[in-house]
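Below: one structure, written as C-alpha cells.
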Amino acid sequence: MAILLYRIGRWAFRRRRLVTGLWLAALVLAGVAAALAPAGQEEDLSMPGTESQKAFDLLDERFPQSNSQGAEARLVFQAPDGQRVTAGENKAAVEHTLGSLDGGDQVASTTDPYETGAVSEDGTIAYSTITYTADAVDLTEPTKSTLEYAASRAGEAGLTVEIGGSALDSEESPGGTTELIGVMVAAVVLVLALGSLVAAGLSLLTAFLGVAIAFGLVSALAVPLGLTSTVAILALMLGLAVGIDYALFITSRFRDERAQGSEPEEAAGRAVGTAGSAVVFAGATVVIALAGLGVVGIPELTKMGMGGAGAVALAVLVALTLVPALFGFFGRRVLSRAARKAARPGGERPRPVPTKARRAGLGTRWARFVLRRPVAVLMVAGLGLCAIALPALSLELGLPGDESKSVETTQRRAYDLLSEGFGPGFNGPLTVVVDTSESAGAQATTDLVVKTVREVDGVASVGDPVLNGTKDTAVLTAVPQTAPNSGETKDLVHAIRDAVSGVEADTGAGILVTGTTALNIDISEAMSDALIPYLTVVIGLAVLLLTVVFRSVLVPVKAALGFLLSVGAAFGVLVAVFQWGWASDLLGIEQTGPVMSLMPILIIGIVFGLAMDYEVFLFTRMREAYVHGASPGEAIVDGFRHSGRVVAAAAIIMISVFAGFIGMSNPTIQTMGVGLAAAVLFDAFVVRMAIAPAVLALLGHRAWWLPRILNRVLPNVDVEGEALGGHVPASAAELDAAERWLPVGRD
C-alpha cells in the first residue's frame, strides 16, 4: 500500500493543476445537482418487524385515505385567568380565528373544539386541529404566516394561543453561531500546531471542499434515497472533523520529510505513502463502522450511517490527492517560519535538523513521565474514566418530541398547555388496531377490545372505535395517564399488549398497539437489545484490524479495552447531562429525559473509527521505531515526539467541531454533539495518551509479540511505510512506471 500511495502523492504533486481542476469540477457539479434537486422530506422513524410498524403498515393498507393527509397544526387556546374558553367573547374569538383559516390556501379542514369536545374539564383550555393538503416541507411561507397571524389575532383578543403539530416544523440547517465558533477554534489550533497560516488554511480549505461536495450530494439524493436534514448535518459534522484531521496528518508528515532534506515532490510522495497509509486505514474503519449501522434494521439509522460514511470516504480521497497537489502550489509557505529560515540561501531544501539538537517538546516530556510512573498513570486515568462511566448504568433510551424543545418555542408551550388541560398522556396517545377479517363477530370483537383496554390500569380514556370502509378493521385511541417518555407509559404499552393477547386467542382477531409513543418504545427496546451485539462486532473488528496493522496481539486488545472505557465514559456524560440535568443550563438543554435511543449505537460506530484514527497515527510511529531497533521505552518516546503534538491538535479540532453543534435546536444533533465531543476528549487525551503508553511501558517487549503462525498468515499492510525505506526517489524508471499506471499528460 505504501508504494502505491507514494506514487499517488508524487503524481498529484506533479499534476496539481489537473487534480485541483477535477475537484473544483466535482464541487460545481455537486452544487448544481443540489440546487436543481427538490427538497427532501422529514420522514418519521420506522422499525420494520416491530408490532408498531406492522400496525402502521396495516393502517396504510386498510385506511388508504389517511395517507393523503398532509401536515397538521394544533391551535391551543387558553382563557385568561378566572375565565373559560366557552364564555361568549372568548368563544367568539376562537371561532373567528378558526373561520379565518377554514378554506384557506393549502388548508384541508379545521375542527371546531366546541363540537368535537376538545375542551378541558375546567373549560380553560381548548384546541383545534388544522389539516393541510401538503407536507410540512411543502407548506408555503404565506400558509405558515396565515396560521401564525391568526394565532396572534386571537392573542390580541386576550387569549393565550400556541401552535403545536408538524405544520411549523422545518429542516435544521447548519451555519449557527456555535458551529462557527467551533470552526474558528479549529483554525486557531491549526495555526498554533503548524506555525503557518498557509498550512492551516490548506487543511481548512481541503476539508471545506470535501464537506461541500458531500453536502451537495446528500441534498441532491435527498428525494430518491429519502435522506433527511439529520443525515446532511451528520455528513457535515463528520466530514469537517475528519477532513481537517486527515489533511493535518499528511501536512505534518510532509513538513517532517522536508525538514529531513527531501525535495518537495519526494516529500509529498513520502507523506502520502506513510501518513496517507494511516489515513486510508483510519478512514476505512470509520466507513466500515458507519456502514455496519445498517444491520440494526432502522432505515433512518442506515441512512445516517451511509451519509456519514460517504463524507468520510470523500475526506480520505481529498487528503490523498488534493492535499499533495496544493503542496505544489504553496511550496515553502507550507513550512513553518522557523523551517523556512533554516533553508539554505538560494535553495529550496531546508537543512536537516539533528534529532538530538531538537529541544524536547511537551509530548516527549509527557512520554518520559509516563515511563517513570506507568502504574500511577494507569490507575488514575483508568479509575477516573470508570467513575465518569458510572452514570451509564442508569441509561434510559427514548425518542424526543415537542417536550424536548425549548420553552421559547410555541410547539413546546402548546405541549405544556395540552398536558395541563387534558393530562400528561394526551400528548402521547396509543392507537389500538383491531383486524377482524379472521374473526366471526367483528362488532362483538371490537367491543370486547374496547372493554379490555379500558380496564387496564394506567389508561385515562378510550375513544370510540373507527371502522374502515369494508368493516374489517377498527381503530381506537387509548390515552395514558402518564407522559409519553415516562417509564409508566412504557409499562402500560406492554400491559395492554398482554391484556389483548387473550382476546386474540378467543376471537381469532389480530390486535396491534401502535402510535408514535408505542413506536418510540419499540425502537428504544430494539436499540437496547442491539447495543451489546453491535458493540461485540465492533470490538472484534477493532482487534482484527489492529492485529493486521501492528502485527501484535496485546496492542489490539489494549486498544479495544481503551475504546470501551472512552465509550462508557461518553455514555456516562450523556446520562448526567440529558437525564440528570447536570450542566444542562450551561449547554442550553431545558428538558431532561431519556437519551435518544439512536445515540448509543451511533456514537459507538463513529467513535470506533475515530479511536482507531488516534491509535494508528500515534502507535505506527512507536512500532516503526521499535522495528528499527529502539527499546520499548524509546519507541514510546519516539512516537510521542513525532506524533503527540499532531494527535493532540487533531483531537482538539475534532472536539471543537463536534461541540459546535451542541447549540443547534435539533435534539438528535445536540445529543450527538455532546456525546461525540466527550468521547473524543476521553479517547484521545486519556486513553491514547495516558492509559495506552502506560500499558505499553508495563508490557515492554511483550507488547509487540505476535505468534509465528499469525505472522505467516496475516497480510503485511505496511501502514508505517517501511517499503519506502529502500525506495530510490525520482528515478527515471519510477517516473516511467508512474506514467504507465496513471497515463495522464504532464502539467
Side-chain angles (χ1 to χ4, degrees), residues 1-27 194 196-210 243-280 283 314-336 339-340 343 347-350 352 646 718 721 723-725 727-747:
M1 180 188 289
I3 295 295
L4 174 63
L5 293 177
Y6 168 83
R7 289 172 174 170
I8 291 176
R10 294 195 65 180
W11 174 81
F13 185 94
R14 294 196 310 275
R15 309 291 186 267
R16 47 188 172 272
R17 292 184 178 84
L18 172 64
V19 172
T20 305
L22 290 175
W23 279 113
L24 290 177
L27 176 63
L194 297 174
S196 166
L197 287 173
V198 171
L202 183 150
S203 298
L204 288 173
L205 177 64
T206 53
F208 284 144
L209 184 138
I244 295 175
D245 279 6
Y246 293 166
L248 170 63
F249 289 130
I250 292 180
T251 302
S252 177
R253 189 60 183 249
F254 172 78
R255 286 151 54 101
D256 286 346
E257 295 294 336
R258 294 282 284 127
Q260 294 303 315
S262 295
E263 295 290 344
E265 183 177 329
E266 176 67 12
R270 288 184 172 271
V272 176
T274 52
S277 297
V279 165
V280 170
L314 267 173
V316 171
L317 292 176
V318 168
L320 297 179
T321 56
L322 183 59
V323 170
L326 294 183
F327 290 158
F329 284 114
F330 291 118
R332 293 177 56 211
R333 287 173 293 175
V334 176
L335 307 178
S336 65
R340 293 197 298 271
E348 179 70 19
R349 179 185 298 177
V646 177
D718 191 20
L724 297 178
H727 196 75
V728 180
S731 67
E734 177 198 326
L735 293 178
D736 290 342
E739 293 298 334
R740 284 196 298 271
W741 72 269
L742 283 175
V744 181
R746 184 185 301 267
D747 283 339

Quick check: closest heavy atoms across [X] and [Y], and the distance to 0.1 Å?
| X | Y | result |
| --- | --- | --- |
| Val323 | Ala247 | CG2-CB, 3.9 Å |
| Ala268 | Pro324 | CB-CB, 4.3 Å |
| Arg253 | Ala275 | CB-CB, 3.8 Å |
| Val279 | Ala319 | CG1-CB, 4.4 Å |

Go through the steps for Phe13 and Val19 under the test side-chain contact (heavy atoms from CB on, under 4.5 Å), then give the verdict. CA-CA 9 Å; Phe13 185 94; Val19 172; over 6 Å; no
Within the distance-only criterion (no hydrogens, no angle test), does the side chain of Ser252 pair as donor or acceptor with the backbone N or O of Leu248 below 3.5 angstrom?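 Not at all, since once roles are kept as given, no pair shorter than 3.5 Å links the two residues.
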side-chain contact (heavy atoms from CB on, under 4.5 Å) with Ala267: which residues, sequence neighbours excluded?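 Applying side-chain contact (heavy atoms from CB on, under 4.5 Å) to Ala267 gives Phe254, Glu257, Arg258, Ser262.
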Atom [atom1] of [X] and atom [atom2] of [Y]: how far apart are they, to the nearest 0.5 Å?
| X | Y | atom1 | atom2 | answer |
| --- | --- | --- | --- | --- |
| Leu197 | Leu204 | CG | CG | 10.5 Å |
| Thr251 | Phe330 | OG1 | CZ | 10.5 Å |
| Leu209 | Thr20 | CG | OG1 | 9.5 Å |
| Leu326 | Leu202 | CG | CG | 4.5 Å |
| Gln260 | Arg270 | CD | CZ | 11.0 Å |
| Glu265 | Phe327 | CD | CZ | 13.0 Å |

Over 12 non-hydrogen atoms of neighbours within 6.0 angstrom of CG in Leu24: yes
Looking only at side chains, do Thr321 and Trp23 share a donor and an acceptor under 3.5 Å apart? yes
Can Thr206 and Tyr246 be said to form a side-chain contact (heavy atoms from CB on, under 4.5 Å), step by step? CA-CA 10 Å; Thr206 53; Tyr246 293 166; over 6 Å; no
